[in-house]
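Inspection log for the structure reproduced underneath, given as structure tokens.
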Number of protein chains: 2
Amino acid sequence: MTLNQEAFKKILKEQGLKVTNQRLLVLEVLEKHRGEHMTAEDIYELVKVDYPEIGLATVYRTVQLLLELQLVDRINLDDGCVRYEIGTLIEGEEGKHHHHHLICKSCGKVWSFEDDLLEELESYIERKTDFHVLDHELKFYGQCKECAERESAEKRK
Amino acid sequence: MTLNQEAFKKILKEQGLKVTNQRLLVLEVLEKHRGEHMTAEDIYELVKVDYPEIGLATVYRTVQLLLELQLVDRINLDDGCVRYEIGTLIEGEEGKHHHHHLICKSCGKVWSFEDDLLEELESYIERKTDFHVLDHELKFYGQCKECAERESAEKRK
DNA sequence: TTTGGTGCAAAATTTTTGCAGGCTA
DNA sequence: TAGCCTGCAAAAATTTTGCACCAAA
């Protein structure tokens, strides 16, 4: 049982929510797959290995809960399903420390990109508009090295 | 018949595609609602006013086509449906000139925000990684002025 | 014991697809 | 006329919901 799991239990109790196996297991799967972008179905399949009686609806309800507790981020990679990724808050770091996503239009693979430049843009928005920024999501679409090379090789033929 | 419609016809013909009423009407609706974020269903309802025999499947197929021709942008406001917005290319301006979206977490309203700061970040990514950036989508989540005021008024009670 | 949580199945939503017929070029 | 395009309906895919039962506090 990891420290994160203890922290999660504490958060649940503080919110008057119940600690259940299903909730612990969903969080555990997300933690073990940190940095991946998992659909509800992905999580469901992995939890089922240790806990076959879990239902898909519970996974949906649990990720919704984790989202509200701000323990996971929701990402949409435009492939028709919503994806979830564990956040950094649970590790004790203060403040959100998001990364951006680079999505290859050819093969669909996704890379992460760390950057702080948006803090600047967020404070600019706060100054210029009446909008209070809490969070952001930034995706770059383009082409990865492999696909660029493959396509230029195909052209040369 | 607007100039844009003529330009669109030309593009279709250049691509060996057929000019149909349905395609012209979908584009026209998107143009008349420039700056809005329309679902396929929204477009369908509006086209039906002038052309009741159109089918929803045709709208889906047409926005997909417009996307491939880079005449519209796809946006996902995390409300469960994909939205489309006419781009700026069709007006003759060269290069993409995207705007970002400010999404209020309380009321769901969406504002646009013009900015060029991301060009810088894009070229930084090109330098630092093997990824060739073609496009981006940036969303800010937060709270609009009205919702912030309403919530602080509710607290004071 | 009480209340919230879960599993299951059905429903709801959004989007895609197959096919026969229609329209553009 | 030939083949792309369309409308319709069915299918697919994802997510939500109702309800009876179960388990945590």
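Proteins get letters first, then strands, A, B, ... in listed order; numbering begins at 1 in each. Not measured: the values here are computed from a predicted model.
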Describe the nucleic acid contact of Glu53(A) in one word from base, sugar-phosphate, nothing, applying a heavy-atom distance below 4.0 Å.
sugar-phosphate
Base, sugar-phosphate or nothing for Arg61(A)? Non-hydrogen atoms, less than 4.0 Å.
base
Taken in chain and number order and not counting sequence neighbours, the residues that satisfy salt bridge (charged side-chain N to carboxylate O under 4.0 Å, His left out) with Lys105(B) are none
If you check the Thr58(B) side chain, which of dG3(D), dT6(D), dA25(D) turns out closest?
dT6(D)
May I ask you to decide whether Lys10(B) forms a salt bridge with Glu6(B), counting only side-chain N to carboxylate O separations under 4.0 Å?
no
Rounded to whole angstroms, how far apart are OH on Tyr60(A) and P on dA12(C)?
18 Å
How are the rings of Phe140(A) and His100(A) set to each other: parallel, tilted or perpendicular (split at 30° and 60°)?
perpendicular
Axis-to-axis angle across the helix from dT1(C)-dA25(D) to dA25(C)-dT1(D), five pairs an end, to 10 degrees?
40°
Could you check how far CG of Leu17(A) sits from P of dA24(D), rounded to whole Å?
15 Å
Across the strands shown, which category fits Tyr51(B) at heavy-atom distances under 4.0 angstrom: base, sugar-phosphate, nothing?
sugar-phosphate
Can you check the Ile54(A) CD1 to dA23(D) P distance for me, whole Å?
15 Å
Which is true for Gly80(B) with a 4.0 Å heavy-atom rule: it touches a base, it touches only sugar-phosphate, or it touches nothing?
sugar-phosphate
Residue whose nearest DNA chain C nucleotide is more 5′ - Tyr84(B) or Tyr44(A)
Tyr44(A)
Hey, is the side chain of Gln64(B) poking within less than 4.0 Å of OP1 or OP2 on dT15(C), counting only N and O atoms?
no
Taking the side chain as C-beta and beyond, is there a heavy-atom pair between Lys32(B) and Leu46(B) under 4.5 Å?
no
Could you tell me if Tyr124(A) and Asp115(B) have a donor-acceptor pair between their side chains, going purely by distance under 3.5 Å?
no
For Thr20(A) and for Ala57(A), find the nucleotide of DNA chain D with the closest heavy atom, then tell me which residue's nucleotide is more 5'.
Ala57(A)
Separation of dT14(D) atom P from Glu41(A) atom CD, nearest Å, is 7 Å
Donor + acceptor pair across side chains of His37(B), His101(B) (<3.5 Å):
yes
Is Gln22(B) near enough to dC23(C) that one of its side-chain N or O atoms lies under 4.0 angstrom from OP1 or OP2?
no
Length of the CG-P vector between Leu12(B) and dC4(D), whole Å:
15 Å
Looking at Glu126(B), is its backbone amide N or carbonyl O close enough to the side chain of Thr129(B) to form a donor-acceptor pair, meaning the two atoms are under 3.5 Å apart?
no
Residue Leu56(B), side-chain atoms from C-beta onward, closest of dC5(D), dC8(D), dT15(C)
dT15(C)
